[in-house]
Amino acid sequence: MASHPRERVLGLVVTDMAGQRLSFGRSTGRHFGKIVTNLIPAFIGYIMAGFTEKKQALHDMLAGCLVLRRNI
């Protein structure tokens, strides 16, 4: 399973809204969504993860993704 090293260390996995592995298209959308998130001043796109029901940052909402803790 391909993931960012930071996600492996923290025990995180990125899935679609149904908990399935991301498709290439959804993963690409999430990547470009991070560019949009970074354009918003004061990290608001990331901070909003602390206030949304599913703890999603803006790029996760745009791509329809969830970041979950992996069961170890």
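Between atom CG of residue L68 and atom NZ of residue K55 there is a gap of 13.5 Å, rounded to the nearest 0.5 Å.
Transitive grouping of hydrophobic side chains (ILVMFWY, heavy atoms separated by less than 4.5 Å) brings L22 and V67 into a common cluster. L62 and I35 sit in two unconnected hydrophobic clusters of ILVMFWY residues. Membership requires side-chain heavy atoms under 4.5 Å apart, directly or through other members. Cluster annotation: I47 is not connected to V36 through the hydrophobic network of ILVMFWY side chains, with a link wherever side-chain heavy atoms come within less than 4.5 Å. V13 is not connected to L10 by any chain of hydrophobic side-chain contacts under 4.5 Å among Ile, Leu, Val, Met, Phe, Trp and Tyr, and they are in different clusters.
You'll find the side chain of K54 stays beyond 4.5 Å of the side chain of M61, heavy atoms only. Counting only heavy atoms from C-beta outward, the side chains of F32 and H59 never approach each other to under 4.5 Å. Within the 4.5 Å cutoff, the side chain of Q56 has heavy atoms near those of the M17 side chain. Using a 4.5 Å cut-off on side-chain heavy atoms (C-beta onward), R26 and V14 make no contact. Side-chain atoms of L12 and R69, non-hydrogen and from C-beta on, do get closer than 4.5 Å to each other. Looking at heavy atoms from C-beta onward, S23 lies out of side-chain contact with D16 at the 4.5 angstrom threshold.
Of all heavy-atom pairs between C65 and R30, the closest is SG-CD, 3.9 Å. Among all heavy-atom pairs drawn from A49 and A57, the shortest one is CB-N, 3.7 Å.
Just one of D60, I44, L58 meets the side-chain contact (heavy atoms from CB on, under 4.5 Å) condition when paired with T37; it is L58.
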